[in-house]
*Asks:* 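The structure under discussion is supplied below as structure tokens; questions concerning it will follow.
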Amino acid sequence: MQNKTFVAVALGLGLVASPALSACGSMDGKGAASSTGSKTVTLVSHDSWVVSKSVLADFEKRSGYKVRVLKDGDAGQAVNKAILTKDNPQGDVFFGVDNTLLSRALDNGLFQSYEAKGLAQVGGPYQLDAKKHRVTPIDFGDICVNYDKAYFTAHKLAPPASFEDLVKPAYKNLLVTENASTSSPGLGFLLGTAAKYGDGGWQGYWKQLKANGVKVVDGWEQAYNEEFSGSAGGKKAKADRPLVVSYASSPPAEVIYGDPKPATAPTGVATGTCFRQIEFAGLLSNARNSEGGKALIDFLIGKEFQEDMPLNMFVYPVVKGAAVPAEFTRFGPAAKDPGTMDPAKIADRRDQWVKSWTSLVLK
């Protein structure tokens, strides 16, 4: 999963990725994307942005705008940089701020209001800024524990289905997760436990998880491709952990990119461990080309892009009626009852939770 598509497959937004600068569409001679004319619109994003060339070309032809894409590292890094440069922004639209980082962006005035055309077709639960429309929901995914089917079959052991299962003796020394201070899925898993057990209970749960042998590594790439026995990379690395914190969309990725392609997914999802992650786009404050930015946001919630997105970024569309690939429906359906949390609560307590988690789990 290390190539660009596979990073996107699992929403690999771990907060340890190194900065990167690349573009989709044209760039200026200095290698930096910028909105130099009214017919150029610049999208700033994390590194996992992917779109089919034909779909992007169709937007450019219909709108008359040329799209430049500035990929600026992982999600957390890209958001922080966008905040620091908000008075002289790198582009017109920012894509990739999620519900774990949303309040940070909004509190710092990163976006201006814009009610996108077609927003009525976006499900209400995804519209976390419905009153002010500073951001537009684009996609969602679920951070969940994945399991190696072959391991549990061989050991005649039922795979875990819930947070409660993970602390049982039967699953001792089986789980690997990512560092909550350096990884987006690691943070999402921590938030999932906080949503489940509350302020007074999540620390006690993590004490049990630590006692049950949970292994913590820096980021998703290491956890999934080096430590998890169920992934293609893990098999090559002779990994020995049959449980990993990843995404509900990881099993269909294992099928789609399998060589040879398996008839069924080699991995499954513990659906009682999922935390919902929603990604947004917003029109940047002081955008040079606000009209082009508005057109681009309209495109992002249009049916063409929404249906193109799943097999490029391995996330789910938020627009009602957008078709989902059969592989998603069969091997990686979205969680029916994922954990959620108010972005304001995340903003208020995230840093302290991560600090407490670090002291409790890593020391």
*Asks:* Does the side chain of N289 pick up a donor-acceptor pair with the side chain of T40 at under 3.5 Å?
*Replies:*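 Per modelled atom types, N289 and T40 side chains form no pair under 3.5 Å.
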
*Asks:* Among residues two or more places apart or on two chains, list those pairs meeting disulfide (SG to SG under 2.5 Å) that have a residue in residues 161-194.
*Replies:*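 Sorted result for residues 161-194: empty, none.
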
*Asks:* Less than 4.5 Å apart, any side-chain heavy atom of I278 and any of L128?
*Replies:*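 Counting from C-beta outward, I278 and L128 do come under 4.5 Å.
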
*Asks:* So which pairs with a foot in residues 76-96 pass ring-ring contact (aromatic ring centres under 6.0 Å, His included), sequence neighbours left out?
*Replies:*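 Residue pairs passing ring-ring contact (aromatic ring centres under 6.0 Å, His included), neighbours aside: H46-F95, W49-F95.
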
*Asks:* Minimum heavy-atom separation for P89 to L284, with atom names?
*Replies:* CB-CD1, 4.2 Å

*Asks:* What's the separation between atom CZ in R68 and atom OG1 in T42, rounded to the nearest 0.5 Å?
*Replies:*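 If I round to the nearest 0.5 Å, the distance is 6.0 Å.
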
*Asks:* Does a donor on one side chain sit under 3.5 Å from an acceptor on the other, for S229 and D148?
*Replies:* yes

*Asks:* Output, in order, the C-alpha distance, side-chain angles, deciding distance and verdict of salt bridge (charged side-chain N to carboxylate O under 4.0 Å, His left out) for K261 and E327.
*Replies:* CA-CA 12 Å; K261 183 179 292 189; E327 293 91 344; 5.2 Å; no

*Asks:* What residues form a side chain to side chain donor-acceptor pair (under 3.5 Å) with T193, not counting sequence neighbours?
*Replies:* W206

*Asks:* Who pairs with D87 by side chain to side chain donor-acceptor pair (under 3.5 Å), at least two apart in sequence or on another chain?
*Replies:* none

*Asks:* Under a 3.5 Å cutoff, is there a donor and acceptor pairing between the side chains of S184 and Q277?
*Replies:*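 Yes, a side-chain donor-acceptor pair sits under 3.5 Å.
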
*Asks:* Begin from the C-alpha positions of T267 and N146 and carry the test side chain to side chain donor-acceptor pair (under 3.5 Å) through to its verdict.
*Replies:* CA-CA 7 Å; T267 60; N146 283 207; 4.5 Å; no

*Asks:* Going from CG on L190 to CZ on R350, what distance comes out if it is rounded to the nearest 0.5 angstrom?
*Replies:* 11.0 Å

*Asks:* Hey, does H133 have a side-chain heavy atom less than 4.5 Å from the side chain of L119?
*Replies:*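 Yes; the side chains approach each other to less than 4.5 Å.
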
*Asks:* Looking at A323, is its backbone amide N or carbonyl O close enough to the side chain of E307 to form a donor-acceptor pair, meaning the two atoms are under 3.5 Å apart?
*Replies:*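 Checking the backbone N and O of A323 against the side chain of E307, a donor-acceptor pair under 3.5 Å is found.
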
*Asks:* Classify the ring geometry between Y316 and F140 as parallel (under 30°), tilted (30 to 60°) or perpendicular (over 60°).
*Replies:*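 Parallel: the ring planes of Y316 and F140 meet at under 30°.
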
*Asks:* How far apart are the closest heavy atoms of V245 and W220, and which atoms are they?
*Replies:* O-CD1, 4.0 Å

*Asks:* Which donor-acceptor pairs under 3.5 Å do side chains of residues 335-344 form with protein atoms, sequence neighbours excluded?
*Replies:*
residue	atom	partner	partner atom	Å
D342	OD1	A344	N	2.8

*Asks:* List the atom of D351, the atom of R104, and the distance in Å for their closest heavy-atom pair.
*Replies:*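 Distance-wise, the nearest heavy atoms are OD1-NH2, 4.2 Å.
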
*Asks:* Are there more than 12 heavy atoms of other residues, nucleotides or ligands under 6.0 Å from atom NZ of K207?
*Replies:* no

*Asks:* To the nearest 0.5 Å, how far apart are CE in M313 and OG in S45?
*Replies:*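 The distance works out to 7.0 Å.
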
*Asks:* What's the separation between atom NZ in K66 and atom CD in E60, rounded to the nearest 0.5 Å?
*Replies:*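 Reported value, rounded in 0.5 Å steps: 4.0 Å.
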
*Asks:* Measure across M309 and V315 and return the closest heavy-atom pair with its distance rounded to 0.1 Å.
*Replies:* CG-CG2, 3.7 Å

*Asks:* Once salt bridge (Lys or Arg N to Asp or Glu O under 4.0 Å) is applied, do any residues pair with E164, and if so which ones, sequence neighbours excluded?
*Replies:* K196

*Asks:* Ignoring hydrogens and geometry, is there a side-chain-to-backbone donor-acceptor pair from N108 to L110 under 3.5 Å?
*Replies:*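 Not confirmed, N108 side chain does not pair with L110 backbone.
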
*Asks:* For L166, is there any backbone N or O sitting under 3.5 Å from a side-chain donor or acceptor partner on N212?
*Replies:*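 Checking the backbone N and O of L166 against the side chain of N212, a donor-acceptor pair under 3.5 Å is found.
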
*Asks:* Give me the other members of the hydrophobic cluster that V255 sits in, counting Ile, Leu, Val, Met, Phe, Trp and Tyr linked by side-chain heavy atoms under 4.5 Å, directly or via other members.
*Replies:* F331

*Asks:* How would you list all residue pairs meeting salt bridge (Lys or Arg N to Asp or Glu O under 4.0 Å) that involve residues 123-134, not counting sequence neighbours?
*Replies:* D129-R134

*Asks:* To the nearest 0.5 Å, how far apart are CG in D139 and CD1 in I301?
*Replies:* 12.5 Å

*Asks:* Does the side chain of I138 come within less than 4.5 Å of Q306's, by heavy atoms?
*Replies:*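 Yes, their side chains come closer than 4.5 Å.
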
*Asks:* Please work out whether the ring planes of Y224 and F228 are parallel, tilted or perpendicular, with thresholds of 30° and 60°.
*Replies:*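 Aromatic pair Y224/F228 classed tilted.
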
*Asks:* Please, which pairs that meet ring-ring contact (aromatic ring centres under 6.0 Å, His included) have at least one residue in residues 259-291, sequence neighbours excluded?
*Replies:* none

*Asks:* If you draw a 6.0 Å radius around NZ in K235, do more than 12 non-hydrogen atoms from other residues or ligands fall strictly inside?
*Replies:*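 Enclosed.
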
*Asks:* Let me check something: do Y257 and V269 share a hydrophobic cluster, defined by ILVMFWY side-chain heavy atoms less than 4.5 Å apart, either directly or through other members?
*Replies:*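 Unlinked, Y257 and V269 end up in two clusters.
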
*Asks:* Can you name the residues that form a salt bridge (Lys or Arg N to Asp or Glu O under 4.0 Å) with K215, not counting sequence neighbours?
*Replies:* E227

*Asks:* Can L296 and Y65 be said to form a side chain to side chain contact (heavy atoms under 4.5 Å, CB included), step by step?
*Replies:* CA-CA 9 Å; L296 183 57; Y65 291 107; over 6 Å; no

*Asks:* Would you name the heavy atoms of A105 and F111 that are closest together and state the gap between them?
*Replies:*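 Looking at all heavy atoms of both residues, the closest pair is CB-CE1, 3.9 Å.
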
*Asks:* For a quick check under 3.5 Å, do Y114 and D298 share a side-chain donor-acceptor pair by atom type?
*Replies:*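 D298 and Y114 do have a side-chain donor-acceptor pair below 3.5 Å.
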
*Asks:* When you measure from the side chain of N99 to the backbone N and O of R276, does any donor-acceptor pair fall under 3.5 Å?
*Replies:* yes

*Asks:* For residues 353-363, which side-chain donor-acceptor pairs fall under 3.5 Å, sequence neighbours excluded?
*Replies:*
residue	atom	partner	partner atom	Å
S356	OG	Q352	O	3.1
S356	OG	Q352	NE2	3.1
T358	OG1	V354	O	2.8

*Asks:* Closer than 3.5 angstrom, by distance alone: can the side chain of S285 be matched with the main-chain N or O of K86 as a donor-acceptor pair?
*Replies:*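 Absent.
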
*Asks:* With a 4.5 Å cut-off on side-chain heavy-atom distances among I, L, V, M, F, W and Y, is there a chain of contacts connecting V69 to V41?
*Replies:*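 Same cluster: V69 reaches V41 through Ile, Leu, Val, Met, Phe, Trp or Tyr contacts under 4.5 Å.
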
*Asks:* Consider side-chain contact (heavy atoms from CB on, under 4.5 Å). Of P333, P251, P252, which one does F328 pass it with?
*Replies:* P252

*Asks:* Evaluate the criterion side chain to side chain contact (heavy atoms under 4.5 Å, CB included) for residue pair K149 and T264; output intermediate values, then yes/no.
*Replies:* CA-CA 11 Å; K149 291 180 179 178; T264 188; 4.1 Å; yes

*Asks:* Show which side-chain atoms of residues 167-180 pair as donor or acceptor with protein atoms under 3.5 Å away, not counting sequence neighbours.
*Replies:*
residue	atom	partner	partner atom	Å
K168	NZ	D165	OD1	2.9
Y171	OH	A158	O	2.6
K172	NZ	A211	O	2.8
N179	OD1	S181	N	2.8
N179	OD1	S181	OG	2.7

*Asks:* If we ignore hydrogens and angles and just use 3.5 Å, is the side chain of Q127 paired with the main-chain N or O of V122 as donor and acceptor?
*Replies:*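 Flag set: sc Q127 to bb V122 pair under 3.5 Å.
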
*Asks:* What distance do S103 atom OG and I346 atom CD1 have between them, rounded to the nearest 0.5 Å?
*Replies:* 7.5 Å

*Asks:* State, to 0.1 Å, how close F152 and P242 come at their nearest heavy-atom pair, and which atoms those are.
*Replies:*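 Shortest heavy-atom separation between F152 and P242 comes out as CE1-O, 3.9 Å.
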
*Asks:* Where the side chain of R241 meets the backbone of V214, is there a donor-acceptor pair that is under 3.5 Å apart?
*Replies:*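 No; judged by distance alone, with no hydrogens or angles, the pair does not exist.
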
